[in-house]
Amino acid sequence: MESTINIENVVASTKLAEEFDLIKIEAELEGAEYNKEKFPGLVYRVKSPRAAFLIFTSGKVVCTGAKNVEDVRTVITNMAQTLKSIGFEDVNLDPEIHVQNIVASADLKTDLNPNAIALGLGLENIEYEPEQFPGLVYRIKTPKVVVLIFSSGKLVVTGGKSPEECEEGVKIVRVQLENLGLL
Amino acid sequence: RLRKWQRRIRVSNATERNLAFALSELDRMASALGLSRNVRETAAVIYRKAVDKNLIRGRSIEGVAAAALYAACRQCNVPRTLDEIAEVSRVSRKEIGRTYRFVSRELALKLMPTSPIDYIPRFCSGLSLKGEVQAKGIEILRQAAEKELTSGRGPTGVAAAAIYIASILCGDRRTQREVADVAGVTEVTIRNRYKELAEELGIEIIL
DNA sequence: GCTTTAAAAAGTAAGTT
DNA sequence: AACTTACTTTTTAAAGC
């Protein structure tokens, strides 16, 4: 089966140490931004596979912006190595990583009618306020994902914990629209 | 026993006081927006239902009142944008929108998205345009809806473009800036929408 | 609820040129 | 009028207000 979705962003969390001295990291790593009053986490961007990190004093880390689930491990491992080389001897170089959210896009390749879809899926199951946003918001219970449906036929799936859940979300939308005769 | 009664009376007083405040707020906002008695009563009904379902918990009375008014305008087909409601409320557009979604869902209002057609009468009066232009604008929007040219677009922008075209076709032209001002959109938006409508509906605009 | 990050979708907005 | 940049919606973790 050809891939029907394009993963655009993966958000993951992990714990690299018991604690971090963010002021030291900010001083050692070029480009690191840390404003405790503004936000409790230190922001650091990497280019390897491109990604952004939010590092906290608790040792916990949030990684966003990765384009693949595999890149997440690569980038986090590199981050751990960088922190170790900067003087943090106790960083875990092989931490447990939790993918928290995946944002993906898809294309049904047909124009869609949001108003008809709203009535078909049921006004109580969707949110569609073109005055505020052009996409129709459809929340699916299982898998627990949210799909944004546009009149162009393009979709955005978010909230999934794995690529499979995102694929499933697109599949559900496609099947329901087909059954409604709106595809 | 006596304390229990006092508590009930106190709660009752607070409830009545809050309801009175909410209703006066609805009236104040409705007056500022020039809304009819029908819309005010519809808003009051929605607000009372929200109170009966305890939807006020964790929300401000003003926020729910503003959301109820926004919903009432839509239900009565005389829509106001969230920005217009926010202008006469002390609650932000974001808060009103969030409360509206919650109340709308909890009370199962099942409102369809606002139709551009519902903005035509108000915008035309604001531009002192006659019924002929109004009818032409509505006709254009009906055709546009059939060809699905309005999906995903802001209702006010589409309505503004239809009025702009209608005013020209009826020989009582209004400038893009004039229409943009009453509709609360930019000239760029009117330009984008009217070009699209004229093109797809085969309307020749001679300036 | 907010603050910060990333990203797509499509519409609208604002500032420059 | 074109460009650019930016904000709207959704999701999600983190620590703290």
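Chain letters run A, B, ... following the sequence lines, proteins first, then strands; residues in each count from 1. From a predicted model like this one, the values you see are computed outputs, not experimental measurements.
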Exercise. If you measure from the Lys or Arg side-chain nitrogens to the Asp or Glu carboxylate oxygens, is any gap between B:R177 and B:D181 under 4.0 Å?
Worked result: yes
Exercise. Reckon A:G41 touches a base, only the sugar-phosphate, or nothing at all at heavy-atom distances under 4.0 Å?
Worked result: nothing
Seminar exercise, completed: So salt bridge (charged side-chain N to carboxylate O under 4.0 Å, His left out) across residues 107-117 of chain A, not counting sequence neighbours, yields none
For this session: Give a yes or no on whether the ring-centroid distance for A:F150 and A:F133 is below 6.0 angstrom.
Result: yes
Problem set entry | Within residues 103-137 of chain A: residues closer than 4.0 Å to DNA chain C (heavy atoms) | A:V103, A:F133, A:P134
Exercise. Can you list, by residue number, the residues of residues 190-199 of chain B that have a non-hydrogen atom closer than 4.0 angstrom to DNA chain C?
Worked result: B:R193
For this session: Could you give me the CA-CA distance, side-chain angles and deciding distance for A:S13 and A:Q100, then say whether side chain to side chain donor-acceptor pair (under 3.5 Å) is met?
Result: CA-CA 7 Å; A:S13 61; A:Q100 306 285 175; 2.7 Å; yes
Problem set entry | Close residues, residues 71-83 of chain A, relative to DNA chain D [heavy-atom separation under 4.0 Å] | none
Problem set entry | Minimum heavy-atom distance B:R59-B:L55, with the two atoms named | NE-O, 3.0 Å
For this session: Tell me yes or no: between the side chains of B:R193 and B:Y164, is some donor less than 3.5 Å from an acceptor?
Result: no
Exercise. Which pairs, with at least one residue in residues 143-164 of chain B and sequence neighbours excluded, count as a salt bridge (charged side-chain N to carboxylate O under 4.0 Å, His left out)?
Worked result: B:R153-B:E196
Exercise. Can you list the residues that meet the salt bridge (charged side-chain N to carboxylate O under 4.0 Å, His left out) rule with B:R191, with sequence neighbours excluded?
Worked result: none
Exercise. With a non-hydrogen cut-off below 4.0 angstrom, is A:S151 in contact with a base, only sugar-phosphate, or nothing?
Worked result: nothing
For this session: Verify the ring-centre separation between B:Y100 and B:Y70: is it less than 6.0 angstrom?
Result: yes
Exercise. By salt bridge (charged side-chain N to carboxylate O under 4.0 Å, His left out), which residues pair with B:D172, not counting sequence neighbours?
Worked result: B:R174
Exercise. Would A:F56 and A:F20 satisfy ring pair (Phe, Tyr, Trp, His ring centres under 6.0 Å), going step by step from the backbone distance to the final call?
Worked result: CA-CA 7 Å; A:F56 300 85; A:F20 275 133; over 10 Å; no
Exercise. Counting distance only, does the side-chain N/O of B:N77 pair as donor-acceptor with the main-chain N or O of B:D118 below 3.5 Å?
Worked result: no
Exercise. Checking all strands, does A:V147 fall into the base, sugar-phosphate, or nothing category for heavy-atom contacts under 4.0 angstrom?
Worked result: nothing
Exercise. Rounding to the closest angstrom, what is the interatomic distance between D:dA6 and C:dT4 at atom P?
Worked result: 15 Å
Seminar exercise, completed: Residues in residues 98-124 of chain B with a heavy atom under 4.0 Å of DNA chain C, by number, are B:R98
Problem set entry | Gap in Å between the two P atoms, one belonging to D:dC7 and one to C:dT3, rounded | 12 Å
Exercise. Contact boundaries of DNA chain D with chain A (under 4.0 Å, heavy atoms), 5' to 3'?
Worked result: D:dT8 to D:dA15
For this session: Check whether more than 12 heavy atoms from other residues, nucleotides or ligands sit under 6.0 Å from atom CD of A:E19, and answer yes or no.
Result: no
Exercise. Is any side-chain N of the basic residue among A:E89 and A:K84 closer than 4.0 Å to the acidic one's carboxylate O?
Worked result: no
Exercise. Going by atom types only, do A:Q176 and A:Y138 share a side-chain donor-acceptor pair under 3.5 Å?
Worked result: yes
For this session: Please work out which residues in residues 44-67 of chain A have a non-hydrogen atom less than 4.0 Å from an atom of DNA chain D and list them by number.
Result: A:L54, A:F56, A:S58, A:K60, A:V62
Exercise. Taking 5' to 3' order, which nucleotide of DNA chain C is first and which is last to have an atom within less than 4.0 Å of a heavy atom in chain B?
Worked result: C:dG1 to C:dA14
Seminar exercise, completed: Given the options A:I76, A:V62, A:L42, A:F53 meets side-chain contact (heavy atoms from CB on, under 4.5 Å) only with A:I76
For this session: Apply side-chain hydrogen bond (donor to acceptor under 3.5 Å, both in side chains) to B:T186 and list each qualifying residue two or more places apart in sequence or on a separate chain.
Result: B:T189
Exercise. Across the strands shown, which category fits B:G184 at heavy-atom distances under 4.0 angstrom: base, sugar-phosphate, nothing?
Worked result: sugar-phosphate
For this session: Identify whether the distance between the nearest side-chain nitrogen and carboxylate oxygen of B:R28 and B:E25 falls below 4.0 Å.
Result: yes
For this session: Return yes when atom CZ of B:R37 has more than 12 non-hydrogen atoms of other residues, nucleotides or ligands closer than 6.0 Å, and no otherwise.
Result: no
Problem set entry | Whole-Å P distance, C:dA9 and D:dA1 | 26 Å
Problem set entry | Residues B:R74, A:E129: salt bridge by 4.0 Å N-O rule | yes
Problem set entry | For A:G160 against A:C166, the heavy-atom pair lying closest together | CA-SG, 4.2 Å
